[in-house]
Amino acid sequence: MEVKVLNNADLSNNPVIAQMSLYNHEQIVFCNDNATGLKAIIAIHNTILGPSLGGTRMWNYNNEMEALNDVLRLSRGMTYKSSVAGLNLGGGKAVIIGDPKKIKNEALLRRFGKFVNSLGGKYITAEDVAMTSRDMEIIHMETDHVSGLPENMGGSGDPSPVTAYGVYVSMKASAKEVWGSDSLSGKKVLVQGIGHVGEVLVSHLTKEGAKVYINDISEERLKAVADAHKAEVVSADKMFDLDIDVYAPCALGATVNDATLAKLKCKIICGAANNQLANEVVHGEAVGKQGILYAPDYVVNAGGIINVYYELEGYNRERAMRHAEGIYNTTFNLFQLAKKDSIPTYMAANRLGEQRLASIAAINAVL
Ligand code: NAD
């Protein structure tokens, strides 16, 4: 993928299209409706592999440029995620500007649904920050181009078990790379965040005989998961001092940063959270220098998008799980690419995504 670097003059003279051309975004739709107060941006980054798919995020952005930057960055991320996961999906994303507590209502969501519908399937939406499955049902009243619907509406339901399975196999592939065997038996794993994904991951790990430490801000979750899976609770101020083999971030982004890297003693970072590296370039390099193998987040947590993809095909959880199992090979292959090209693992993941895009673009050009 060619990346053009623009200078400040380019950006200030022509901020929107110049920003689109920076990472070759195909289309942006600005949506406005005075009656409902809807202000939204739908960004379609790339449709070489298929229709663009990505969630709708609602956020009270400080200004429109902040919203634009976010939607451009997130939609591009979806192109890479689906490409590396081997899905026939492109990258897209939408943001609705405003405080969900104040302005989100049925009319606004349905108006947004009409905008999604106007794209005729070129963009398929899903749940993201501050959107619920009920919101998706409302959007679905106006468009069929919605994914991640509840099971009782013919959808794929909660993707977390598929995501957790993908994280688990990715961790095994990482173990194979580091220790020559993919067994996690006896390995010490810290799972930070034991919500929908984290708990299922803990269950896979303890079943295999790993020693699992858990941390969460919810005392209730900690008690429930510790009791159910015989995991050991560790406090936030102690967890990065533990002598562990694997750190699995499954709560928030940016937990791989200067402060945590100064303490972390693990050999592998592999978890479900998005955007784990506080700064991709800085911390993506730093992990390797510290002898830690970083399994890139968007490769590891692709189970969610894989699950949604099979909803579009007529949902079958077995097929989704089988596809998620492939994350093992994808993870292992990208480690080999990183070694061969002497590049950090995050960069190897991006390269894999770009290679698939380029190869499919080439066959698309053949009649
Ligand atoms: P969740 O909301 O069910 O669970 C998150 C857990 O993290 C909660 O138990 C919460 O109490 C805990 N938490 C929040 N802040 C914390 C903190 N500062 N320290 C420790 N724990 C904290 O979310 P989830 O669906 O399990 O997803 C986990 C992560 O994986 C998120 O970052 C999500 O974006 C990402 N992800 C999830 C899926 C999926 O299928 N659910 C797919 C891809 C990526």
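Atom set for the values below is all heavy atoms of this structure, side chains included, hydrogens, waters and symmetry mates excluded. Counting starts at 1 for both ligands and their atoms, in listed order.
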Does Arg111 qualify as a cation-pi partner of Phe115, given the criterion of NZ or CZ under 6.0 Å from the six-membered ring centre and within 45 degrees of its axis? yes

For Tyr346, what residues pass the ring-ring contact (aromatic ring centres under 6.0 Å, His included) criterion, not counting sequence neighbours? none

Exactly which residues line ligand 1, taking a heavy atom under 4.0 Å from it as the test? Pro159, Ser160, Thr163, Gly193, Ile194, Gly195, His196, Val197, Asn215, Asp216, Ile217, Cys250, Ala251, Leu252, Ala272, Ala273, Asn274, Asn301

side-chain contact (heavy atoms from CB on, under 4.5 Å) against Lys211, all qualifying residues, sequence neighbours excluded: Lys188, Tyr213, Glu232

Taking 4.0 angstrom as the limit, do Lys187 and Glu208 come out as a salt bridge? no

Measure centre to centre between the rings of His323 and Tyr310, then say whether the value is under 6.0 Å. yes

By side chain to side chain donor-acceptor pair (under 3.5 Å), Ser359 pairs with (sequence neighbours left out) none

